[in-house]
Amino acid sequence: MTLLSVNLNKIAVLRNSRGETEPDIIRAAHACIEAGCGGITVHPRPDQRHVRPDDVRALAVALRGRVEYNIEGNPFAPPRGSYPGLVQLAREVRPTQVTLVPDADGQLTSDHGFELARDAERLRPLVAELRALGCRVSLFVDAGTGGFEHALAIGAERIEIYTGPYAHAFAEGDAREQLALCVDTARRAQQAGLAVNAGHDLSQANLGTFRAAIPGLAEVSIGHALIGEALYDGLAVTVRNYLQILE
């Protein structure tokens with residue numbers, strides 16, 4: 001079955017809005033795990049507007065030996081204040097997977113992937129170090145992109161397809177073109193020897209169609225929609241709903 005990794009960034013956003021400790025991100029992680037999810041995702045950023053370095057460290061302790069731990073972020077963003085940089089966080093906590101994303105500080109959320117032919121050589125030493133730490137490395141890419149041989153050559157093991165355009169098209173009533181791009185991208189990546197993850201704006205409404213179209217989909221990372229839906233139905237119930245879709 002496709003692994004569900006729950007992104008907890010929005011839990012941290014809610015906590016940070018009061019400047020205190022609730023809701024507790026560790027308790028949220030435990031609730032998701034007890035409901036059956038196979039992984040937890042966080043995306044720390046230098047401005048620390050949601051998940052913070054101490055969260056990354058605390059989750060590493062809480063999750064060890066239980067589920068996969070996926071840390072996302074821009075490996076080229078320099079340290080700032082108490083944010084030590086993505087690779088340094090990986091050195092400290094040794095997550096299962098590091099997903100490299102080319103997002104800038106000014107972005108509200110991740111909205112594009114790497115151009116593999118252009119970016120591969122710059123990524124090569126970072127991928128090598130992360131692999132040496134025991135981390136699986138995934139590269140965030142746009143649907144329709146190419147150059148998967150470059151990703152494989154520098155040691156990446158997976159790609160994550162940016163599914164925002166698919167989700168937006170689905171909401172507007174016709175996702176056929178965007179879904180076809182995702183399907184073709186997954187097929188070409190798998191043929192090149194890479195496993196395929198997906199994420200961004202996936203929801204209970206659009207996930208089933210997406211999952212059915214992509215054989216061998218390894219993992220989906222879902223946060224914004226899942227946490228929003230959980231406000232109405234509860235976190236455990238919502239996680240179980242997603243697992244039913246993935247089955």
Side-chain angles (χ1 to χ4, degrees), residues 2-9 38-46 51 53 56-57 59-60 63-65 67-79 83-104 110-143 145-163 182 185-200 214 216-223:
T2 302
L3 185 141
L4 171 64
S5 189
V6 178
N7 188 316
L8 295 179
N9 277 12
I40 295 294
T41 291
V42 291
H43 188 146
R45 286 181 166 89
V51 168
V56 175
R57 299 178 183 110
L59 282 164
L63 303 182
R64 190 163 289 124
V67 296
E68 292 199 358
Y69 191 19
N70 174 47
I71 301 177
E72 302 178 342
N74 182 354
F76 302 118
Y83 177 76
L86 182 70
V87 176
Q88 177 57 33
L89 281 172
R91 292 186 190 114
E92 293 180 36
V93 306
R94 309 289 179 104
T96 315
Q97 177 174 270
V98 179
T99 300
L100 304 183
V101 183
D103 58 351
S110 303
D111 62 10
H112 66 283
F114 287 107
E115 293 184 25
L116 297 175
R118 181 194 68 192
D119 297 325
E121 287 309 309
R122 189 179 179 209
L123 289 165
R124 182 187 291 274
L126 301 172
V127 173
E129 179 171 0
L130 292 168
R131 290 286 304 275
L133 293 172
C135 305
R136 183 171 67 232
V137 178
S138 179
L139 304 179
F140 197 63
V141 302
D142 296 318
T145 195
F148 296 120
E149 68 278 9
H150 299 288
L152 195 68
I154 65 171
E157 296 156 280
R158 294 190 181 187
I159 60 158
E160 179 176 327
I161 300 174
Y162 169 47
T163 51
C182 293
T185 303
R187 177 185 58 79
R188 289 184 291 108
Q190 289 166 339
Q191 288 176 344
L194 297 162
V196 175
N197 299 343
H200 210 88
I214 300 183
L217 181 65
E219 176 184 315
V220 290
S221 174
I222 305 177

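The figures here come from the full heavy-atom set of this structure, side chains too, leaving out hydrogens, waters and symmetry mates.
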Roughly how far, to the nearest 0.5 Å, is OG1 of T99 from CZ of R136? 8.0 Å
For the student: nearest non-hydrogen atoms of V196 and A186, plus distance: CG2-O, 3.8 Å
Might you point out which heavy atoms bring A192 and F148 nearest each other, and give the distance in Å? CB-CB, 3.8 Å
Taking every non-hydrogen atom, the tightest pair across L116 and H150: O-CB, 3.9 Å
How many angstroms lie between atom CD1 of I40 and atom CD1 of I71, to the nearest 0.5 angstrom? 12.0 Å
From R188 CZ over to E149 CD, what is the distance, rounded to the nearest 0.5 angstrom? 10.0 Å
L100 versus F76: any side-chain heavy-atom pair under 4.5 Å? no
Can you list the steps and then say if L86 with N74 is a side-chain contact (heavy atoms from CB on, under 4.5 Å)? CA-CA 7 Å; L86 182 70; N74 182 354; over 6 Å; no
Are any non-hydrogen side-chain atoms of V220 and N197 less than 4.5 angstrom apart? no
What are the two closest non-hydrogen atoms of G39 and L3, and how far apart are they? N-CD2, 4.0 Å
From E72 atom CD to S5 atom OG, the distance as rounded to the nearest 0.5 Å: 8.0 Å
Answer yes or no: is there a side-chain heavy-atom contact under 4.5 Å between T185 and I159? yes
For R57, check side chain to side chain donor-acceptor pair (under 3.5 Å) against everything at least two apart and list the hits. D54, E92
Quick one: does any side-chain atom of T2 pair with a main-chain N or O of L217 as donor and acceptor, under 3.5 Å? yes
What's the spacing between R131 CZ and I154 CD1 if we round to 0.5 Å? 10.5 Å
Exercise: identify the closest heavy-atom pair between A218 and A195: CB-CB, 4.4 Å
Distance check, rounded to the nearest 0.5 Å: L139 atom CG versus E160 atom CD? 10.5 Å
Scanning both residues in full, the closest heavy-atom pair of R124 with A153 reads NH1-O, 3.5 Å
Can you find a side-chain donor-acceptor pair between N70 and Q97 that sits under 3.5 Å? yes
Examine distances only and state if a side-chain atom of H112 and a backbone atom of P102 form a donor-acceptor pair shorter than 3.5 Å. yes
Taking atom types as modelled, find out whether R91 and Q88 have a side-chain donor-acceptor pair closer than 3.5 angstrom. yes
Please walk me through it: do R45 and N9 pass side-chain contact (heavy atoms from CB on, under 4.5 Å)? CA-CA 10 Å; R45 286 181 166 89; N9 277 12; 4.2 Å; yes
Would you call the rings of H200 and Y162 parallel, tilted or perpendicular, taking 30° and 60° as the class edges? perpendicular
Less than 4.5 Å apart, side chain to side chain, heavy atoms only: is that true for L133 and V98? no
Side chains of E115 and T145: does their closest heavy-atom pair fall under 4.5 Å? no
For V56, does its backbone N or O pair with a side-chain atom of Y69 as donor and acceptor, under 3.5 Å? yes
